[in-house]
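What follows is a single structure, written as structure tokens, with notes after it.
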Amino acid sequence: TGAVGRRRLAHQGTLRVTWRAAIAGILVSLTAHTAPQVDWLFPMGAQRGTEALAQIGGKHSWPLKAWTDDPGIAITADANKTGHFKIKIAKGVVPGPHLIRFHDANGTTPPRVFFVGKATDVREKEPNNQFLDAQKIDALPAILHGKLQTGGDVDAYRVSLKAGQVFVASLEAYTAGVPMDALMMLRDSRGVKLAFNHDAHSLDPRLHWKCDRDGEYVLQVAAFKFPANSTSSFTGGANLVYRLTLTNGPWLRHAWPAAVNGGTKSRVGLVGWNLKNDSVTAPITKDGELVLPVTAVNGPLRLPVLPRAEVTEREPNDTNATANEFGLPMSVSARIDRPGDVDRFAFTAKKGERCRIDLDSFSLGFILDAHLAIEDAAGKQLTTNDDANKQRDPLLNWTAPADGRYCVKVRSLLGKGGADFFYRLQLSRPAPSFHATVPAPQFTLNAGATNEVKVTVNYRDSYKGKLIVRTEGLPKGVTTAPVEIEKQGTATLKLIAAKDAQPQAGPLRVIVGPMGKSAKAATTSLTSAGTANGVPQGFPDYIIRETPHLWLTVLPPKPPEKKPAAKKN
């Protein structure tokens, strides 16, 4: 009996081992070639010239690798601590939002926003839910990294301010891909509300308040669920991370004018709060963008470089008769100064002359919902536009019906105005051009198989000619043939992997351009949570709206499909 029992126990043990192995095999097969999923990154930024520790949450194998859009940002996995990374930021990295992605042999996450800052980083310390338990911030400026961890969570921070200082608090979450609708409230030491903001330019809040007496003040941070539902309570969760900049020092809102002539030195005015200097010198440059260092915590200042000087609006210009007179082309920095304000800019055009009028405000981080119109010399309205191409900023392509004087009329669609209703107006003769996009930031390909990349090419302003669509950076064992396109439409690149192509992953670029001439990289749009949330057109854009940085993962060959068993007669 003892021998039989021992054999039974041994057999049962073998079965348990077999079942465990089978279950393990099933789990491996289910997770094999599954791209990593990262739901949150905390903190989602670090000060340049420093080293920091960060953690991710989601579903992934370990360790993951990390790619960044700047070689000065080094992110290394901690092999002994799942989900943790060491981040080193070089001193020369330009402050602002950057893109990173986490990847392994099975694929990659979509690009995520990572901020490089100028001020000292401070992490939230719980408990700080109650007004009286507010976390003391010893020095400003500071960049707070916090997390609304549970439903009903409210984070409170205590700061010291002096009379005459303007306190600025700016939170970044939604435009970095975090699905929350945050708000901020500033109170004095008695708990009296002094300032409040729910949505600034997007669902992310920003408030500023001029201190009227020395003392301590408390800033409270909370968030509603996104997308919204029928509840009105504050939300929370492991993925609801945020980056909060606090300062009583210089904060830059914009330049005046907001573009420079690259061929000459110029003096550019600065608009903001607590600024030590009201202007800065822009040097001669040939680049398409000028990056100027400024003392503000949210610097540097980025300015478009134009072949001509950008002028500033001159008031009064409310009527057709008092319109600012400019030539064609022209670039203007302007503002709807007050509710009901109207700006007009006059120019002359010949019959049949094609003109393009661009207005940028929302895309620059301001809140003007602009209405754009063209009037003739008698003040008759000829054409209008509110939102162009499903964007909040208007655009007009227009052909002059006769020789004469015309006016561009700009107003707020809702009749609002103020310091934050800044815009740039550009009137030009449209030049033929093209633009290319791809539908996703990453692609996968199995060895021995083919995948397609759809490239949408837009011919703008009567562009004509053949364009070549091709790739750069294909790994060994993967090939594709260039595709010619002669008119607006979609080109299909076929990525072909050899049977012996090795598993690998890395950056990929899709290039479009005329044969033998300078080409452009195709881009892909980066969107945040993307749901309208009850706001017309929503706030779909990341703080970085698009990127040419694509990614290709080559996977092992797909296992052969099992043939169905033959039916028995």
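We count residues from 1, following the sequence as given.
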Query - Plane angle bin for Y423 and F345 - parallel if under 30°, tilted between 30 and 60°, otherwise perpendicular - result: perpendicular

Query raised in the report: Can you say whether the rings of Y174 and F226 are parallel (under 30°), tilted (30 to 60°) or perpendicular (over 60°)?
Result: perpendicular

If we ignore angles and hydrogens, is there a donor and acceptor under 3.5 Å between the side chains of [X] and [Y]?
X: E216; Y: S189; answer: no
X: R424; Y: S331; answer: no
X: R158; Y: Q135; answer: no
X: H371; Y: D386; answer: no
X: S363; Y: D393; answer: yes

Report summary line: Applied to residues 231-243, the salt bridge (charged side-chain N to carboxylate O under 4.0 Å, His left out) test, sequence neighbours excluded, yields E172-R243

Validation row, ring centre [X] to ring centre [Y] under 6.0 Å:
X: H145; Y: Y242; answer: no
X: F114; Y: W67; answer: no
X: H60; Y: W62; answer: yes

Requested in this report: Could you tell me which residues satisfy side-chain contact (heavy atoms from CB on, under 4.5 Å) with R302, sequence neighbours excluded, listed by chain and number?
Outcome: V94, E289, V291

Query raised in the report: Who are the side chain to side chain donor-acceptor pair (under 3.5 Å) partners of D39, not counting sequence neighbours?
Result: Q37

Check whether [X] reaches the backbone of [Y] with its side chain - one donor and one acceptor, N or O, closer than 3.5 Å.
X: E126; Y: N128; value: yes
X: K118; Y: A296; value: yes
X: N274; Y: N248; value: yes
X: T150; Y: G236; value: no
X: D78; Y: N80; value: yes
X: T524; Y: V438; value: yes

**Report entry** Residues R206 and D420 bridged, charged N to O under 4.0 Å
**Finding:** yes

Query raised in the report: Salt bridge check: are K147 and D155 linked by an N-O gap of less than 4.0 Å?
Result: no

Query raised in the report: For R338 and D318, what are the C-alpha separation, side-chain angles and deciding distance, and is it a salt bridge (Lys or Arg N to Asp or Glu O under 4.0 Å)?
Result: CA-CA 12 Å; R338 64 193 183 282; D318 291 46; 2.9 Å; yes

Report task. Kindly write out the residues that satisfy ring-ring contact (aromatic ring centres under 6.0 Å, His included) with F366, not counting sequence neighbours, or none if the list is empty. Result -> H254, F422

Report task. Output all residues satisfying ring-ring contact (aromatic ring centres under 6.0 Å, His included) with Y217, sequence neighbours left out; order by chain, then residue number. Result -> W209

Query raised in the report: Taking everything shown except K86 itself, do over 12 heavy atoms lie less than 6.0 Å from its NZ?
Result: no

Exercise answer: donor-acceptor pairs, residues 280-288 side-chain atoms, under 3.5 Å, sequence neighbours excluded:
unit_1, atom_1, unit_2, atom_2, d
T281, OG1, R267, NH1, 2.3
T285, OG1, D287, N, 3.1

Report task. Using the six-membered ring of W256, assess whether NZ or CZ of R335 lies under 6.0 Å from its centre and within 45 degrees of the ring axis. Result -> yes

